[in-house]
Structure formats: structure tokens, C-alpha cells
2 protein chains.
Amino acid sequence: MPHFLDSTQPDFEAAFTALLGMKREEAEDVDAIVAGIIADVRARGDAAVLELTARFDRLTLTADTLAFSPSEMAAEVAKVSPTDREALKLAAERIRAYHERQRPEDASWTDAAGATLGWRWTAVSAAGLYVPGGTASYPSSVLMNAIPAKVAGVERLVICCPTPDGAVNPLVLLAAQLAGVDTVYRIGGAQAVAALAYGTETIAPVDKITGPGNAFVAAAKRRVFGRVGIDMIAGPSEVLVIATGDQDPDWVALDLLSQAEHDISAQSILITPDAAFGQAVEEAIKRHLTTLPRRDIAGQSWAENGAIITVRDLDEAAALSNRIAPEHLEILTPDPEATAAKCLHAGAIFLGAFTPEAIGDYVGGPNHVLPTARSARFSSGLNVLDFMKRTTISRMTPEALKAIGPAAEALAASEGLHAHGLSVTARLARLNG
Amino acid sequence: MPHFLDSTQPDFEAAFTALLGMKREEAEDVDAIVAGIIADVRARGDAAVLELTARFDRLTLTADTLAFSPSEMAAEVAKVSPTDREALKLAAERIRAYHERQRPEDASWTDAAGATLGWRWTAVSAAGLYVPGGTASYPSSVLMNAIPAKVAGVERLVICCPTPDGAVNPLVLLAAQLAGVDTVYRIGGAQAVAALAYGTETIAPVDKITGPGNAFVAAAKRRVFGRVGIDMIAGPSEVLVIATGDQDPDWVALDLLSQAEHDISAQSILITPDAAFGQAVEEAIKRHLTTLPRRDIAGQSWAENGAIITVRDLDEAAALSNRIAPEHLEILTPDPEATAAKCLHAGAIFLGAFTPEAIGDYVGGPNHVLPTARSARFSSGLNVLDFMKRTTISRMTPEALKAIGPAAEALAASEGLHAHGLSVTARLARLNG
């Protein structure tokens, strides 16, 4: 049974704080193992990667077969059904169109002192995308990670995707092809992350690594952070639905279950000002849990982490949403924009009854790699800027230096940094002399 | 003596690779100590912070005196000389003007399918800035961290700055005041980072922590990452100067020494197509090292980490710069913009003879918190976006859902996520039924 909370009850604050603080996932401590794997790959390169792949994925490769060849790619991609192919193409087009709008602009201006200031955005040169193997191998995630990188202008984009026992998901390869990925390596785990960060004889190092993975992959990404850039370490996924009593409880139930079916540690929360509506949603969920193929996972997630919170009004709903800072926020109310304007911390917002979160997972256009575990308070979903960096640019004229140089001299003196001061003084001496 | 490299020599590639790979700083392993301090602050709050401050800073505080009172602030700030005050004000104004141009724009559009898409930027609610105490207590860094946060719209901005034995830097407090900081706590170390991340009875938790610190502070920031956002973990600072033979060797020498005087692990590199100019710069550096107040630090940094690299031409200089990915890049050539256009990876670029890096440290306007240790390959200097996050927004109409819903159904089926598919199917059934 999910958690039932009512904001008018005296124990509400305590219950809500407990819900917020609930630990849904125990992090496996694999750090020592991962440190050993990374050291091994750094020391022995390809040989280590090949041995670890044989051990963990039961797959014998050589340096020449680490990557899928063009003909292997073509043969796998040919297996995809026309329906799936068209669906993936539509998704890729919509994701690309959305992310192309995120390309940032350079700037340059001259200020009153005569200084020319500005900045320039440039792409990361090379990026590596980790794609899990097996059941969590999602072609949609390939598109969501690879397309922003390509839109940013990343020159070399590679994928590492393990193929345990040689099992390949043709849709993943098609997604890689549609997104413009250069090379797909059939390796995974910490050894893949190490190879991407440090390079081997066969795999050139990259500058940035993104993409989801298991505890080994997450620990490896944490360890190579600094050597390369990484995206956030994703936690279990969550959805918050704010809905009024006029909505269809069955639709809301399915949206909550979409989240719950991902993982037993996923969390689905409904906030509604209408207690009877909350009950109707709970009934609909119970009904679907008798037939849903992933009912074991979804049922456990809903029972352990799910919640239905009854509130006085939509303003209170927005205030609670800001404390949750949900990864996904659906607003199904007569005026969803009005409530959305008050929801300041969320990864992605879905407005109105016809925007189920599943649309955003696949074909909406915005990214589905989003900040989890309340990190929407301070971070954004994956976007084009994650594959770019901004260089600031300054050019002083003699007049500008005369105008602002003395302040730099004063501050350098106050901080005891004399060479800093002298580098300005020497120039001003010439200009004033 | 610095490293002398010549790109025309057969051993150049090996020597340059060695220079790139040089480890300038051994990270102190303080992780276990820091883990204990964080656990203590989480468990005992104020009491732990007060005890640790008494132990490490030899300063007895109470919960009531953790923060500077308004009258204490005023008394300290009154000690600042008029010259320093005006210099700091000019710096604050210029930094604010530059960063105000970085405010991002929201977007909203309707696409061909009838979907309304877009995004919205919002500020992090609360941020904490760490300011080192003692000799590394730089008022300029207070401005560089605090002003972008305030420009972003951060509501509550606090500083933690240790005051060992009660020693306070009035300029730091004036900088805090000029930047609009709300509260300055006189605490430091891992205990300050823990208090900012988890909160205590007196100190409310924040969402983002930025600012430089020693090994304890860096380890604490790494540990609380995820609970809160952090900025990058800064390594030792570096400058690369690309200069032609027509430049003043004395100015270039002082620019290289500005970097070297920060820290013995700082690195200053000159790349020039003119070997005689390189020699002249080395002579000028030797001369200044006899008189510079921080000659011990600057001399050791230059001797151990400094380098003068002679190249064939400026294109080769730009190519090497891209491999170094310097934090600071000065280009002193007849046409610095032309070379800058080829330098794709750098934290900040300073163009022409009248733009010494020291200007950028204080009053130029761009931020001086920049990516070190080659991380300019994948990250940017501190900026307004570091204190904001982007929420994506989608709204489907019935027509839009009819147009793109079937593709979502197909992809959900191919990924085995049935509730995802049903959440779309249920809506389409109503619309088509």
C-alpha cells in the first residue's frame, strides 16, 4: 500500500519530511574493485579490456573486434522492423529539433572604458556515451545522449555498450546510426569507462563521458571525474503528478505506473486537492497491477515508495512540489501553466491531460536524462551545453588599461601579489611615461 | 631552470607529452578524517561545528556568534582604506556588468505537430560560498563567486570563512557586502562544508556550494556532491603565453611570474616562434626573481614547472595550446584574434599586449574561477548558469498526441515498458473513439 498523507492532519509535516528523506536505494560499495579495474586498464590497455570482457561478459574479442565493423552494424540494423525504424526516426528528428534551439550564442562588446569583452562557446572534441547492455539497453537513451553531443558539435562520438554472451540490441545500433555516432565498442562496466577516460592502443581517450550504468559504471565515472567531464550520477527515477478531481483517474494511474515499472526503487507521487480522486487513482492502480506485465516491479515500487498526498489547494501542491524537486512533474489541472509558474524546481514539466510523461521519454523532443533525487534544486537535464564550454575573452586598449589598471594594482597590493601588480605597473609606466 | 623545448627537435613530442603529464601536486589523503567530520556535524549540528572551530581555529564561538553581526560587519568594513574600497567597488561593478550579460533566456514555441515546447531557467534557491582564511583569503574571489550567484537570482547567499585565532580580513567582508551576501559565518574546513550541505540548528542548508579551499574542503565538497551541487574542484593554476618576438620580454616575464607567485605548483608556459625572445624573457624572469617579494614561491614554481617552448609558427603554437587546454591564455602577437580563433580549449583568453592576466584576476569583468589541469577541454569558468537550472516544458494538444503518440507506443513496446505504452494508448483510445 502506498503512503497516504493529508496536509490538514497534524502529523503531516513529520510524514512529509520522512517521505522526502526516504532512502530508496542502497549504494553497493564497489569502489575498491573499480579502482583495481581502472588501474589495470591504465597499465595494460587493450589486453586488460579484452580479459575483463571475457570474464564479465563471457565474450572473446580481439583488438580488431572491439568495435562493430560497418558491415556488422548494417547487418544488425537491417533486423529492425519498419515500425520501430520509423518510430526511432521520428524520435531522433524531434529530439534534434528541440536541442538545436539550445545552441548558445557567442558575445562580444566594447564597454565604456574601451575594453572589448565577450565569450565564445566551443564543443568538447570527443565524447563517449555509456549504454547499458541487457534489459536496460534503451535505444531512446542512445538518442537522448548522442543527439545533444552531435548538435553541440562534438567531432568524435563513440559508444561503449556491453554485449553479454554476444547479445546485441539492433535498435541500439540503429539509434547510434541515426544520431551520427562514429564507433560502437562492445565493451562495458568499469573497464569501458577506464578505456574512454585514459585510452588504450585501440580506443582513443575522450574528454567527456555520459550515460547511465550500474553501480560499477557509476563508481568508475566518479573516479575518472576531473580527468574527463562526466554527467550527473543518476539515482532512481521519480514522477510527481499534480491533478485536480476533474481528471481521468485511469490516465493518472497509468502515468504513475509508468514510473513505477522502471525499477522497484522508482517513486511515484500524486498530489491532489480532491481526496476522492486520490482514492479513484489508487483503485485504478490496483486494477492495472493485476494485468501489467511488469506488475511485480511496479507493484513493489508503488507499495514501498508511492504516495498520495491530499492538499488544501494547488498553491499548497506547488509548495510541496518545490520541496520534492521532482525529476518529472505532470500537471493535470484546468490551468496547468498557472501552477507550473509556481513550481520552481523540476527536471521536466508536462502540462495538461494529453502530455503523459511517456511522451517525454521518447518523442516529445526535450531530453529524458534528468536530475533525480531532489537534485533538480541545483541541476538541469542533459542538454547541448553539457557538451560545450565557454571561453571568456578580454582585450584592453591602452586607454582601458589606464582607466582600470590602477584598481588592479591596488587589489594586487592588498592581496600581497606583487608580480600581479607589477605586470600592470610596467605597462602603465610605458603608457604614462 | 625551466623546461626548454623546441618543436623542431626530434625529442620534442616525448618532452611535450612529459610536460603535459607532469603531476604538480600530490593530493593529500584526508578522506577518512573528512568523512568523520561530516558525520559528526550531521549528528550533532551546531555543537560539532563549535567544537571543531575551537579545535582547528583556536576560536571559541557560540551559536549566537557563528555569524558576524551587522555591527561587527560595519566595524570591520570601516577599516578598509578609501583606495582599496574604490578599487573593490570598481571591480564589483565591472564583474556585475559582465555577468549580467550571461542571464539566459527562456524559450517557448509551437511545432508543426501542434506541441508547445520550451524551457524555463530558474535560480538555485540558496547557495553557500567557501572563502579560505589566512593568507589565501582573497576579496577578489568573494566577488567572483558571489556576484554570479546574485545575478542568477539566488535568494539566500551565505559565506563560510574561517578566522583562525579570530583574524579577520576586512576586505573580504567589504567584498561580501558589495556582492549582496546575506550572512558571513566565521567557520571553515570540512565542518563548514558539512554545515552548508546538511544544515545545523543555526545554519540553514543550501543547494549549491562553490569556492576554493584546502584539501579538507575539497574532499568535503566531493563527499557532499549529489546532496548539493558543487563547482569544480580546483587544481593548481596555470598560464600559457603565446608571444611573438616584437613583444616586450619584461611584460611577458611579469605575466609568467604573476602565475608562478601563486603557488609552487602553479605552472607558467611561454610559447614563441622566436628563440631569442624566449631567452630574453628568461633573462627578465631571472632579474625579477632577485627582487620579487614572493621570489621563493615564484622561483620554485618557474624552475620546476615553468617552460619556454620554441615553435615554427603561430599555427603550431595554437595546436600545442589546444593540447595544453590552459586555464589562462595570453596572446601577444600582431594579430591576436587570428590566433585566438584557433585556440579552442581555454578557460579565459587575454588578447594583446595591454591585457595582462592580472587584469582578469581583478577588474576585467570575466570570472577568474576557471578550469585548471586541462579541464578546459570540457568545462567552463564559473558563470551565472552555475547558479541556475533549466526545466524543460512540454504540452501536447490532442492533435499533437495523435501525431506522435503512436511512435511512443512503438518504442515503449520495443523497450518492454508496457505502462508507458498504455498511458498513451488510453488517451488515444478516447481521442479516436
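Quick note on labels: first sequence line is chain A, next is B, and so on, each numbered from 1.
- For B:A107, no part lies near chain A; criterion is any non-hydrogen pair under 4.5 Å.
- Under the side chain to side chain contact (heavy atoms under 4.5 Å, CB included) criterion, B:L385 pairs with A:W121, A:L385, A:R390, B:P104, B:W121, B:N383, sequence neighbours left out.
- With a 4.5 Å cut-off on non-hydrogen atoms, B:A376 touches chain A through its backbone but not through its side chain.
- At a 4.5 Å heavy-atom cutoff, B:E86 makes no contact with chain A through either its backbone or its side chain.
- The line from CG of A:D248 to CZ of B:R430 is 4.5 Å long, rounded to the nearest 0.5 Å.
- With a threshold of 4.5 angstrom between heavy atoms, B:V172 does not approach chain A through any atom at all.
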message = Is there a side chain to side chain contact (heavy atoms under 4.5 Å, CB included) between B:H420 and A:S258? Walk through the geometry before answering.
response = CA-CA 5 Å; B:H420 283 68; A:S258 293; 3.9 Å; yes

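- Contacts between B:R120 and chain A at a heavy-atom distance below 4.5 Å involve the side chain alone, from C-beta outward.
- When heavy atoms are compared at a cutoff of 4.5 Å, B:A426 approaches chain A by way of both its backbone and its side chain.
- In this structure, the side chains of A:S125 and B:H345 come closer than 4.5 Å at one or more pairs of heavy atoms.
- Proximity to chain A is limited to the side chain of B:T122, based on heavy atoms less than 4.5 angstrom apart.
- The CD atom of A:E330 lies 7.5 Å from the OG atom of B:S423; values are rounded to the nearest 0.5 Å.
- Looking at B:D111, only its side chain comes within 4.5 Å of chain A, counting heavy atoms on both sides.
- Atom OG1 of A:T392 is separated from atom NE2 of B:H99 by 8.5 Å, given to the nearest 0.5 angstrom.
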inquiry  = Show, in sequence, the C-alpha distance, side-chain angles and deciding distance for B:S414 and A:D84, and conclude whether the side chain to side chain contact (heavy atoms under 4.5 Å, CB included) test is met.
reply    = CA-CA 8 Å; B:S414 77; A:D84 285 352; 3.9 Å; yes

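- For chain A, the nearby part of B:A123 is the backbone; its heavy atoms alone come within less than 4.5 Å.
- Ring planes of A:Y98 and B:W119: perpendicular class, angle over 60° (limits at 30 and 60°).
- In plain terms, the two heavy atoms of B:I404 and A:G364 that are nearest each other are CD1-CA, 4.5 Å.
- For B:A325, no part sits under 4.5 Å from any heavy atom of chain A, backbone or side chain.
- Looking at B:F225, both its backbone and its side chain come within 4.5 Å of chain A, counting heavy atoms on both sides.
- Here the side chains of A:Y362 and B:L417 are in contact, with some heavy-atom distance below 4.5 Å.
- Using a 4.5 Å cut-off between heavy atoms, B:L88 touches chain A through backbone and side chain atoms alike.
- Contact annotation for B:L292: only side-chain heavy atoms (C-beta onward) come within less than 4.5 Å of a heavy atom of chain A.
- From B:L344, atom CG reaches atom CD of A:E155 across 8.5 Å, with rounding to the nearest 0.5 Å.
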key: Test log, rule side chain to side chain contact (heavy atoms under 4.5 Å, CB included), inputs B:L329 and A:T391   = CA-CA 10 Å; B:L329 172 60; A:T391 300; over 6 Å; no

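- Both the backbone and the side chain of B:L422 come within contact range of chain A, each with at least one heavy atom under 4.5 Å from a heavy atom of that chain.
- Sorted by first and then second residue, the pairs that involve residues 374-383 of chain B and meet salt bridge (Lys or Arg N to Asp or Glu O under 4.0 Å), not counting sequence neighbours, are A:D207-B:R377.
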